[in-house]
Amino acid sequence: MITYRLPRAAAVRAATALALALTAALTLTACSDAGSGPSDPGSDGPGSASALTHIHGLGLHRDTLYVATHEGIHSPGPGGAPVLVGDRRDDFMGFTVARDGTFLASGHPAPGSGGPSNLGLIASADAGRSWAEKSLGGEVDFHALDTAPGGSVYGYDSADGRLRFTRDQVVWEDRAALRALDIAVSPTAPETVVATTESGVARSTDGGRTFSPGAGQVLSYVSWGAADALYGVAPDGVLFRSVDGGTAWTRAGTVPGGGPQALTAVDARRLLVATGDGVYESRDAGRSFVRRMEVTSGKDGH
């Protein structure tokens, strides 16, 4: 294995930063298109299998995989085909499964369903079958959500380019302004947050009030599986691991299927990664992957 410390070759870094910017642009395009017309699988009934576009989040609950997409929450059905969970086809932009099993999400309502254009923070206590608004409905679209030890929640508000924080999922505090694609919170240090930026990984040790400049490995998505297991996936699908909170990164493997769309580290060795042709799982810290769900990319290739 090769360990990269701070800036890699300038040409590689520039190309990776450009790829990250394009990934962010695709994500924002998906968000802005949420209310423009019917979703691709709109003729399917609840619980039916369908092609998925724009995967935004991954979670595991009682060993069942949940995939947050442009067309609702899905789980694998027979043969790995996606099956809709519940009957909501909202565009779930931000998604995470809290330590107590509660699903937290944000995004936009499905076309024609009414309501405000931004969902704010919503929660599900029954594994995505039903949802209740918690706060900021009509005001905020979180593109990234993560929980901290003790139950507090961090959310990246894409519209304002700002990190927000809540202890009770109702009252929010504004934290630092930054341009980021994803965030991750340390599982042992609730004040430590990292964010992916075009210039590398930015780090905060004061609850997101301030961040160091983005530096080192340029990544699209990050997820913290254990104190010494912070994972990140680059725009080209190369998976990295950091044991020191994001200062040094070691190449762990390569995820099949092209560019990444989402990453969740379940623990120090178990990973879930969405790419262009499926959702993949690794149980050996990224050395090998098995496809858990099939994905048919949208017309824009995302």
Side-chain angles (χ1 to χ4, degrees), residues 23-46 48 50-59 66-75 82 84-98 102-124 126-146 153-164 166 169-170 172 179-183 220-221 261-262 264 274 295-302:
T23 302
L26 283 171
T27 303
L28 290 171
T29 299
C31 174
S32 64
D33 288 346
S36 61
S39 58
D40 292 342
S43 59
D44 296 338
S48 63
S50 62
L52 299 182
T53 59
H54 308 295
I55 293 176
H56 301 305
L58 303 167
Y66 292 89
V67 181
T69 79
H70 194 60
E71 300 97 2
I73 305 291
H74 291 73
S75 282
L84 183 67
V85 176
D87 60 1
R88 289 182 64 160
R89 293 190 179 275
D90 297 333
D91 183 10
F92 289 98
M93 297 298 300
F95 175 74
T96 190
V97 178
T102 301
F103 288 15
L104 301 173
S106 189
H108 313 279
S113 61
S117 60
N118 294 326
L119 294 176
L121 181 70
I122 60 175
S124 173
D126 56 8
R129 289 184 290 275
S130 63
W131 295 84
E133 181 182 315
K134 300 294 291 187
S135 54
L136 300 179
E139 300 178 37
V140 172
D141 166 26
F142 291 113
H143 277 205
L145 291 164
D146 203 4
V153 179
Y154 290 87
Y156 180 68
D157 179 351
S158 64
D160 289 347
R162 181 174 296 278
L163 190 71
R164 296 175 183 261
T166 180
Q169 301 180 19
V170 177
W172 291 81
R179 184 181 178 185
L181 183 60
D182 196 21
I183 61 170
S220 293
Y221 303 101
Q261 299 184 20
T264 292
V295 171
T296 300
S297 296
K299 295 177 180 180
D300 63 4
H302 182 60

Margin query: To check you understand the geometry: which heavy-atom pair defines the closest contact between Y156 and G161, and what is its length?
Written below: OH-CA, 3.4 Å
Notebook entry, point to check: Where the side chain of Q261 meets the backbone of A274, is there a donor-acceptor pair that is under 3.5 Å apart?
Noted result: no
Check: Is any side-chain heavy atom of D90 less than 4.5 Å from a side-chain heavy atom of H108?
Finding: no
Margin query: When you compare the side chain of L104 with that of Q169, does any pair of heavy atoms fall below 4.5 Å?
Written below: yes
Next item on the list: Carefully, step by step, assess T166 and V153 under the rule side-chain contact (heavy atoms from CB on, under 4.5 Å).
Entry: CA-CA 5 Å; T166 180; V153 179; 3.8 Å; yes
Item checked: Heavy-atom side-chain contact between R129 and V85 under 4.5 Å -> yes
Check: Is any side-chain heavy atom of L181 less than 4.5 Å from a side-chain heavy atom of S220?
Finding: yes
Checklist line | Distance in Å, S117 OG paired with E139 CD, rounded so as to fall on 0.5 Å steps | finding: 11.0 Å
Next item on the list: Quick one: pull up CZ in R88 and OG in S113 and give me the separation to the nearest 0.5 Å.
Entry: 7.5 Å
Note to self: List the residues meeting ring pair (Phe, Tyr, Trp, His ring centres under 6.0 Å) with F103, not counting sequence neighbours, and say none if there are none.
What the structure shows: H61, Y66, F95
Note to self: Are T96 and D146 packed together at the side-chain level, in the sense that at least one heavy-atom pair is separated by less than 4.5 angstrom?
What the structure shows: yes
Item checked: Non-hydrogen atoms of H74 and L84 that approach each other most closely -> CD2-N, 3.4 Å
Checklist line | Non-hydrogen atoms of G72 and T69 that approach each other most closely | finding: O-OG1, 2.8 Å
Notebook entry, point to check: So do the side chains of W131 and I73 get within less than 4.5 Å of each other, counting heavy atoms only?
Noted result: yes
Next item on the list: Return yes if some donor-acceptor pair links the side-chain N/O of S106 with the main-chain N/O of G120 below 3.5 Å, else return no.
Entry: yes
Notebook entry, point to check: What is the minimum heavy-atom distance between D141 and G107, and which atoms define it?
Noted result: OD1-CA, 3.5 Å
Check: Is L121 close to L145 at the side-chain level, that is, under 4.5 Å between some pair of heavy atoms?
Finding: yes
Notebook entry, point to check: Under 3.5 Å, is there a donor-acceptor pair between the D91 and H54 side chains?
Noted result: no
Item checked: Exercise: identify the closest heavy-atom pair between G138 and P116 -> CA-CB, 3.4 Å
Note to self: Using 0.5 Å steps for rounding, measure from the NE2 atom of H70 to the CZ atom of R89.
What the structure shows: 12.0 Å
Notebook entry, point to check: Are F142 and L136 side-chain neighbours, meaning at least one heavy-atom pair lies under 4.5 Å?
Noted result: yes
